[in-house]
Amino acid sequence: KIFIRTFPSAGECELFESILQTKWPDLLKSSQGARFRALSNKQAPHVSIVVWEFPNEKSQRLMEKKIDDNISHFAKTLSPKTVSASGEVTLDFGELYAGKA
């Protein structure tokens with residue numbers, strides 16, 4: 001699942017991402033196989049892009065409930081324009097970089 005949230009300012013986007021950084025490590029401990037990745041774009045610092053990967057639909061539904069319970073009220077308060085998309089991996093090429101040089 002991909003979430004793209006466009007905030008009115010870079011500061012509001014940074015605030016939201018700091019909330020994610022604080023909350024998700026602990027919440028992910030109970031979600032085996034779920035992966036959270038945040039992407040930044042220096043040309044659009046007011047846009048937050050989050051990519052979630054799940055091992056199955058049950059895990060996705062459980063994590064989406066956690067998102068609703070823990071993050072939705074922050075998103076509503078900051079009122080970003082939000083677009084999301086879900087799907088299954090149909091092609092997967094190359095090795096995973098995992099942020100290491």
Go through it in stages, so that I can follow the logic: the residues are R37 and R35, the test is side-chain contact (heavy atoms from CB on, under 4.5 Å), and I'd like the CA-CA distance, side-chain angles, deciding distance and then a yes or no.
CA-CA 7 Å; R37 300 172 83 190; R35 182 175 181 183; 3.3 Å; yes
Quick check for you: to the nearest 0.5 Å, what is the distance between E12 atom CD and H46 atom NE2?
11.0 Å
Can you measure from CD (Q60) to CD1 (I67) and round to the nearest 0.5 angstrom?
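Here the interatomic distance stands at 8.5 Å.
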Tell me the salt bridge (charged side-chain N to carboxylate O under 4.0 Å, His left out) pairs involving residues 22-32, sequence neighbours left out?
D26-K29
When every non-hydrogen atom of K66 is compared with those of L27, the smallest separation belongs to NZ-O, 3.3 Å
So which heavy atom on K42 is nearest to which on P45, and how close?
O-CD, 3.6 Å
Distance under 6.0 Å and angle within 45° of ring axis: R5 vs F3
yes
Same cluster (ILVMFWY, side-chain, under 4.5 Å), L62 and L28
no
Could you list the donor-acceptor pairs under 3.5 angstrom formed by side chains in residues 49-57, with sequence neighbours left out?
unit_1, atom_1, unit_2, atom_2, d
N56, OD1, K58, N, 3.2
N56, OD1, S59, N, 2.7
N56, OD1, S59, OG, 3.0

Counting only pairs under 3.5 Å, give me each side-chain donor-acceptor contact of residues 13-20, with atom names and distances, residues two or more places apart or in other chains.
unit_1, atom_1, unit_2, atom_2, d
E17, OE2, S48, OG, 3.3
S18, OG, L15, O, 2.7

Please assess L78 against F7 for the test side-chain contact (heavy atoms from CB on, under 4.5 Å), listing each intermediate value before the final yes or no.
CA-CA 7 Å; L78 295 170; F7 292 86; 3.8 Å; yes
Evaluation steps, side-chain contact (heavy atoms from CB on, under 4.5 Å), between K81 and I4
CA-CA 8 Å; K81 178 182 173 188; I4 302 171; over 6 Å; no
